[in-house]
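Some notes on the structure that comes next.
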Amino acid sequence: MAFKGAPDSVALLLFFVFWYAGNMKYNEYNTAALNAVGGKTSGLTMTVATMQLGVCAVYAFIMWAIKINPAKIFGLQMPEKQDVPKTTQSDLIKSIPLAFCAAGAHAATVFALGGDPLFGQIVKSAEPVLAAIVGTVFYSKAPSFYKVCCLPVIVGGVAFASLKKGADGSYSLKFDATALIFGMLANAFAAFKGGENSKLLSDKGVAQRYGGVGNQFAVTQIVGFVILLPIMFATEGSMLPSFLEKLKTDSSLQFNLVMSGLCFYIYNELATYTLKVTGAVTASVANTAKRVIVMVYMAAVTGKALTDEQKIGSGIAIFGVLLYSLIDDLLKPKKKTAKTD
């Protein structure tokens, strides 16, 4: 009898654990890579973001070369076979909008977390706000009235987290502008990415030729890397010789750049494995818990404690996100049971 590995229930639990751990370590390695090139003022943030997708692209090509996706090993199960997708040129062209949005969301997130890893996470918790706006305006997918009522809670939480109490007891807005601007930009890109992903997969032929979400994610990262390359050269090309010199001599940069790329790829795959087999409520709670855990972890890693305003504001925003995710299920009308004589 062939060894199949751990039961699905055990594997699911482990996927959750390593999804969270991968996200936490990505944030840590990403921060270390940015610090290794000189931080947010170095002029190399786009280069770091692009090189991370380059690592993802190399990893995808290796999987296709060996025809094995090892992700399920994290659940103590046998790795899956992963062949090169049978996509056509037309399929790849249709995938460009999704890849562009995914690459934009990734690059903007790197800028936001480079500005302030903690406040960047708080801003990114406001993603449902942008998703609601983008879905309504561009994809004719408006949220329910109850969901709309949750949006001011999320916005209010982020706004409160932006306040700082002065010595005289008065409050004023004080936040990292990079984290706020690029965090909201990342949220916008992520909202478009969700819409473009749904649009792409609605074409059954394209979905069938991809042969699974694993291949679709791999192609998205490769095309995203190609999209970011010219942007990197245009915005930070003059700094490339300096970056390459650091990359050749700085083992910390080498390690953290590779590990941040690998963690980004793997935790996203593990998230897909978990969320596609759990219910909407479980998925919502899991995503909310992940945001809290990552913020606590990054506070410990960076040694930068959250202010009282950030603690309260992030708590309000994350509660709003959880409520936004669950409120339609909580308030949906109960089915009437037929009376029997």
Side-chain angles (χ1 to χ4, degrees), residues 26-50 52 101-134 151-168 170-193 228 231-232 234-236 238-239 243 260 291-292 294-299 301-318 320-321:
Y26 166 73
N27 278 268
E28 179 183 348
Y29 292 137
N30 176 65
T31 300
L34 291 172
N35 289 338
V37 297
K40 66 179 180 180
T41 59
S42 66
L44 286 169
T45 305
M46 178 60 78
T47 302
V48 170
T50 304
Q52 287 175 348
C101 294
H106 172 68
T109 296
V110 174
F111 273 93
L113 299 181
D116 185 332
L118 299 181
F119 186 61
Q121 289 288 347
I122 295 172
V123 175
K124 280 182 60 60
S125 68
E127 186 177 318
V129 178
L130 273 296
I133 295 171
V134 169
L151 298 180
V153 179
I154 302 172
V155 174
V158 174
F160 192 84
S162 306
L163 296 175
K164 186 172 180 64
K165 193 173 185 179
D168 60 353
S170 63
Y171 282 95
S172 61
L173 283 173
K174 188 172 182 180
F175 51 85
D176 189 290
T178 300
L180 178 63
I181 294 169
F182 282 96
M184 293 305 289
L185 188 60
N187 290 342
F189 273 120
F192 279 107
K193 182 181 74 171
L228 286 190
I231 300 174
M232 179 194 77
T235 58
E236 299 177 356
S238 62
M239 296 288 292
F243 172 79
S260 59
R291 188 77 65 193
V292 175
V294 169
M295 277 198 290
V296 172
Y297 180 77
M298 288 308 295
V301 168
T302 60
K304 182 181 178 182
L306 290 166
T307 65
D308 290 338
E309 291 75 26
Q310 287 178 328
K311 290 176 183 176
I312 296 171
S314 62
I316 293 171
I318 290 171
V321 171

(request) Can you see which heavy atom on Leu151 is nearest to which on Pro128, and at what distance? (result) CD2-O, 4.0 Å

(message) Looking at every non-hydrogen atom in both residues, tell me the closest pair between Ala112 and Gly183 and how far apart they are.
(response) CB-N, 3.5 Å

(message) Minimum heavy-atom separation for Ala33 and Val48, please, with both atom names.
(response) CB-CG1, 4.3 Å

(message) Classify the ring geometry of Phe182 against Phe111: parallel below 30°, tilted from 30° to 60°, perpendicular beyond 60°.
(response) parallel

(request) Calculate, to the nearest 0.5 Å, the distance between atoms CZ and CG belonging to Phe192 and Leu130 respectively. (result) 9.0 Å

(request) With the side chain counted from C-beta on, respond yes when Lys40 and Asp176 share a heavy-atom pair under 4.5 Å apart, and no when they do not. (result) yes

(message) So, taking the atom named CG in Leu113 and the one named CG in Leu118, what distance separates them when rounded to the nearest 0.5 Å?
(response) 9.5 Å

(request) Could you tell me which non-hydrogen atom of His106 sits nearest to which non-hydrogen atom of Ala49, and how far apart they are? (result) NE2-O, 3.3 Å

(request) Kindly determine whether Thr50 and Thr47 satisfy side-chain contact (heavy atoms from CB on, under 4.5 Å), including the steps that lead there. (result) CA-CA 5 Å; Thr50 304; Thr47 302; 5.8 Å; no

(request) Taking all heavy atoms of Ala186 and all of Lys124, pick out the closest pair and write down the distance. (result) CB-NZ, 4.3 Å

(request) Nearest 0.5 Å please: distance from the CE atom of Met239 over to the CG atom of Leu44. (result) 4.5 Å

(message) Nearest 0.5 angstrom please: Thr307 OG1 to Phe119 CZ, how far?
(response) 9.5 Å

(message) So does Met295 get a backbone contact from the side chain of Gln121, meaning a donor-acceptor N/O pair under 3.5 Å?
(response) no

(message) Donor-acceptor check, side chain of Asn30 to backbone of Val110, threshold 3.5 angstrom: yes or no?
(response) no

(message) Can you give me the closest heavy-atom contact between Tyr26 and Gln52, atom names plus distance?
(response) OH-OE1, 3.2 Å

(request) Taking the side chain as every heavy atom from C-beta outward, state whether Val129 and Val155 have any atom pair closer than 4.5 Å. (result) yes

(request) With the side chain counted from C-beta on, respond yes when Leu34 and Thr45 share a heavy-atom pair under 4.5 Å apart, and no when they do not. (result) yes

(request) Quickly, which of Leu185, Val123, Ile122 forms a side-chain contact (heavy atoms from CB on, under 4.5 Å) with Leu180? Name it, please. (result) Val123

(request) Test side-chain contact (heavy atoms from CB on, under 4.5 Å) on Lys304 and Asp116 and set out the steps. (result) CA-CA 10 Å; Lys304 182 181 178 182; Asp116 185 332; 2.7 Å; yes

